[in-house]
Amino acid sequence: MLFDTHMHADYSCDSHMTIAQAIAAAKKAGVGMILTEHWDRDYPTNPEMFKFDIDDYFAKDGKYRSERVFLGIEVGMQPHCVEEDTGMVGKYPFDEVVGAMHCMYGKDIYEPTTYTGLTKEVAVRKYLEESVRCLELYHDFDSYAHLDYICRYMPYEDNNLYYAENAELWDRVFKLLIDGNKALEINTRRLEDASVRPPLLKLYSRFRELGGKYATLGSDAHYTQHIGRAFNVAEEMANQCGLHIVHFEKRRMIVDK
Ligand SMILES: [Zn+2]
Ligand SMILES: [Zn+2]
């Protein structure tokens, strides 16, 4: 069974489903699931927006755990939050910790104003430089979320990321992940659009070329209908790159395929 290793429910303020609804949808989609509620300390637009009561999370959602339902967290990385977040992660029995870039240089990647006055070239370079900075500092996670996150929001005509335009920075990102034995998430949110697949495939293949072995599949679902979205495409991409598909239980990597 494949696992959807990235989704949000009751403890993420931007989600539109409950854990019970997510479990039913995952079952219907024929996938296992890892819930990864948002944890972004000191979020620029609202410092408390993407945090939650983790004790309450385990108390309430713990009863749903099974061989196909696991509880994780998505940690938004920022250099000044690393120390506190490492402490937080170590205190709780997460199955999977997803490391994610949602901010760069204290600005929200989601916000249009973040790109004011920036060419795409500069915006992407800043995104990658900040990714390197975070990955050098923060190590307590299992998989690296949506490396194409910025593609969802940056306001340029061609929103794809091209390996060749920043080869050195991409290699630094991938080497840091490989040295830390992290899995690379194949995020499926954009994959229904076939035109985005070739540049992403190039990036995932480069991760493999440098010695990366493992990929997770993650929909980043906030709605039930997105759980397991485009998993056939993602699975095919993993196969094409020679990456093994994995998920995590009690922070241990389980190879699915
Ligand atoms: Zn995210
Ligand atoms: Zn997410």
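Note that the structure is a prediction, hence the values are computed from the model and not measured. If you read the sequence from its start, that first residue is 1, and numbering goes on from there.
Of the residues Tyr43, Tyr110, Tyr11, the one that meets the ring pair (Phe, Tyr, Trp, His ring centres under 6.0 Å) test with Phe50 is Tyr43.
Smallest separation of non-hydrogen atoms from Gln78 and Asp42: NE2-O, 3.1 Å. When all heavy atoms are compared, the tightest approach of Pro79 to Cys134 is CD-SG, 3.6 Å. Heavy atoms only, all atoms of each residue included: Lys51 and Asp40 are closest at CG-O, 3.8 Å. Between Tyr138 and Thr86, the shortest heavy-atom distance links the atoms CE1-OG1, 3.5 Å. Closest heavy-atom contact between Asn187 and Tyr204: N-OH, 3.9 Å. Residues Leu135 and Val173 approach most closely at CD1-CG1, 3.9 Å, considering heavy atoms.
Taking the ring centroids of Phe58 and Phe94, they lie under the 6.0 Å cut-off. Here His6 and His146 bring their ring centres to under 6.0 angstrom of each other. If you look at His8 and His222, their ring centroids are closer than 6.0 Å.
Cluster membership for Val97 and Tyr144, using ILVMFWY side-chain heavy atoms within less than 4.5 angstrom, is shared. Residues Met104 and Leu177 share a single hydrophobic cluster, defined by chaining ILVMFWY side chains whose heavy atoms lie under 4.5 Å apart. Both Tyr163 and Tyr156 are members of a single hydrophobic cluster when ILVMFWY side chains are connected at heavy-atom separations under 4.5 Å.
Distance alone, capped at 3.5 Å, is enough to place a donor-acceptor pair between the Ser66 side chain and the Arg68 backbone.
In summary, the side chains of Thr216 and Glu185 do not present any donor paired with an acceptor at a separation below 3.5 Å, with no hydrogens or angles considered. Asn166 and Tyr162 form no side-chain donor-acceptor contact under 3.5 Å, judged by distance and modelled atom types alone. There is a side-chain donor-acceptor pair under 3.5 Å between Asp256 and His247.
No more than 12 heavy-atom neighbours from other residues, nucleotides or ligands sit within 6.0 angstrom of CD on Glu83. Remark: Lys107 NZ is loosely packed, at most 12 non-hydrogen atoms of other residues, nucleotides or ligands lying under 6.0 Å away. Environment of NZ in Lys250: sparse, with no more than 12 heavy atoms of neighbouring residues, nucleotides or ligands closer than 6.0 Å.
A perpendicular orientation is assigned to the rings of Phe52 and Tyr57, their planes being inclined by more than 60° (bins at 30° and 60°). Classified by interplanar angle (parallel below 30°, tilted 30° to 60°, perpendicular above 60°), the ring pair Tyr223/His226 is perpendicular.
Under a 4.0 Å N-O distance rule, the pair Arg65/Asp95 qualifies as a salt bridge. Checked for salt-bridge contact, Lys175 and Asp179 miss the test: no charged N lies under 4.0 Å from a carboxylate O. A salt bridge links Glu235 to Lys257: one of the charged nitrogens lies within less than 4.0 Å of a carboxylate oxygen. Salt-bridge annotation for Arg251 and Asp140: present, with a side-chain N of the basic residue lying under 4.0 Å from a carboxylate O of the acidic one. The existence of a salt bridge linking Asp220 and Arg152 is confirmed by a sub-4.0 Å separation between a basic side-chain nitrogen and an acidic carboxylate oxygen. We find that Arg133 and Glu130 are joined by a salt bridge, their nearest charged nitrogen and carboxylate oxygen being less than 4.0 Å apart. Taking the charged nitrogens against the carboxylate oxygens, Arg172 and Glu136 do have a contact shorter than 4.0 Å, which makes a salt bridge.
Relative to the six-membered ring of Tyr214, Lys182 misses at least one condition, a distance below 6.0 Å or an angle of at most 45° to the axis.
Summarising the geometry, atom NZ belonging to Lys28 is positioned 10.0 Å from atom CD belonging to Gln225; distances are rounded to the nearest 0.5 Å. The CG atom of Asp171 sits 8.5 Å away from the CD atom of Glu209 when rounded to the nearest 0.5 Å. In this structure, Arg208 CZ and Ser205 OG are separated by 10.0 Å, a value rounded to the nearest 0.5 Å. With rounding to the nearest 0.5 Å, the separation of CZ in Arg190 from OG in Ser195 is 8.0 Å.
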